[in-house]
Number of protein chains: 2
Amino acid sequence: MTTQRRLILASLDALDTHPTAEELHAIAVQQDPSLNLSTVYRTLRWLEQEGLVSTRRFDEPRRQDRFDPMLPSQHHHFICKSCKNVIEFDLPALGDIQQDFEHLHQVRIESASVVFYGLCTACNRQNGPVESEAERELSQRT
Amino acid sequence: MTTQRRLILASLDALDTHPTAEELHAIAVQQDPSLNLSTVYRTLRWLEQEGLVSTRRFDEPRRQDRFDPMLPSQHHHFICKSCKNVIEFDLPALGDIQQDFEHLHQVRIESASVVFYGLCTACNRQNGPVESEAERELSQRT
DNA sequence: ATATTTATTGCAAATCATTTGCAGTAATAC
DNA sequence: GTATTACTGCAAATGATTTGCAATAAATAT
């Protein structure tokens, strides 16, 4: 437990978002201007191994990891394709689904991730439905 | 519709896995040795825009995209953390869950991704349960 | 069919998030 | 306090993906 790790943890806990390593660094560096981005990455990966943080790879234009402080209860995400806002939610129904799956396929599930992509209330009003276009060309696909 | 795109599509359809761009290129290049990896990427991104392929970012050591030919019915994935094998499955129950969520939060869901991580039957036998370790240090976290 | 316009390719170089080697420094054990 | 070990900052390496550009192939108009 070093000063830097403590700071990074504190910054992470202060946020209620899913920051990228860069975002987290930008916040923590305000307290310790010499804090390096590699240290943030190293700490995040360490926390991940300890099971205290999980890495999320939401589909985004930038192909950047986002880090999610792992709460006791598993939670899931809705992501607005337009404004990238995130809604977190629980999914109690998932427990049964997982169990069924485990029995059916004889596997052990350790974690689950559910992500919904769509448009949030605000963006839904602005964005009209999108027209698909070149599907014709490809109609020979099975 | 060029020769290259047709070839890439054919190679993708021939596979029943979720190849990386590299893997797909390796296969397609057997038919056309001059086929370039950038063309594979460009074609894949084009298909993605057309809604015919979706990009999956499973958590893996290598931070590589995997490409999934989009079938009419949405399907989901179980990934073995040890051998990385994938089991695909449908989840009819998800429809209702999505609808409930849409009403509750007044949003529009366009797509959903469910991923289970765990151990497959074979790997489950070999790997013992893992011991967590430094949680003590961090017990002051909320 | 042929000429012209437009889209796509191959290649090499650029990008950008993330990782790593290493020398210096802080933390912990003795 | 000194020794051992782990962690940090920095700069450079890595590796997947993207992009500029000149050459080429496809689509379109003639």
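We use all heavy atoms of the structure for the numbers below, so side chains are in, but hydrogens, waters and symmetry mates are not. Convention: sequence-line order gives letters A, B, ...; per-chain numbering from 1.
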Problem set entry | ring-ring contact (aromatic ring centres under 6.0 Å, His included) between B:Phe89 and B:Phe116, worked out | CA-CA 10 Å; B:Phe89 58 95; B:Phe116 294 151; 5.3 Å; yes
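- The residues B:Asp65 and B:Arg57 are annotated as salt-bridged, a charged nitrogen and a carboxylate oxygen being separated by less than 4.0 angstrom.
- Of the candidate nucleotides D:dT18, C:dT18, D:dC7, C:dT18 has the atom lying nearest to any side-chain atom of A:Arg45.
- Both B:Thr2 and B:Gln64 lie near DNA chain D, and the one whose nearest nucleotide falls closer to the 5' end is B:Gln64.
- Remark: A:Gln49 CD is loosely packed, at most 12 non-hydrogen atoms of other residues, nucleotides or ligands lying under 6.0 Å away.
- Within 4.0 Å of B:Arg5, counting heavy atoms only, lie sugar-phosphate atoms of the nucleic acid but no base atom.
- Using modelled atom types, one finds a donor on one side chain and an acceptor on the other under 3.5 Å when comparing B:His75 with B:Asp68.
- B:Arg42 comes within contact range of at least one nucleobase, with a heavy-atom separation under 4.0 Å.
- Taking side-chain N and O atoms only, B:Thr3 has a distance below 4.0 Å to OP1 or OP2 of D:dA26.
- If you measure from atom CD of B:Gln4 to atom P of D:dA23, you get 18 Å, rounded to the nearest angstrom.
- Taking atom CZ of residue A:Arg6 and atom C1' of nucleotide C:dA26, one finds them 12 Å apart after rounding to whole Å.
- For the residue pair B:Arg45/B:Thr55, the side-chain donor-acceptor check at 3.5 Å is satisfied.
- DNA chain D lies under 4.0 Å from at least one heavy atom of each of the following residues of residues 19-40 of chain A: A:Ser34, A:Leu35, A:Asn36, A:Ser38, A:Thr39.
- Residues that satisfy the ring pair (Phe, Tyr, Trp, His ring centres under 6.0 Å) test with A:Tyr41, not counting sequence neighbours, are absent from this structure.
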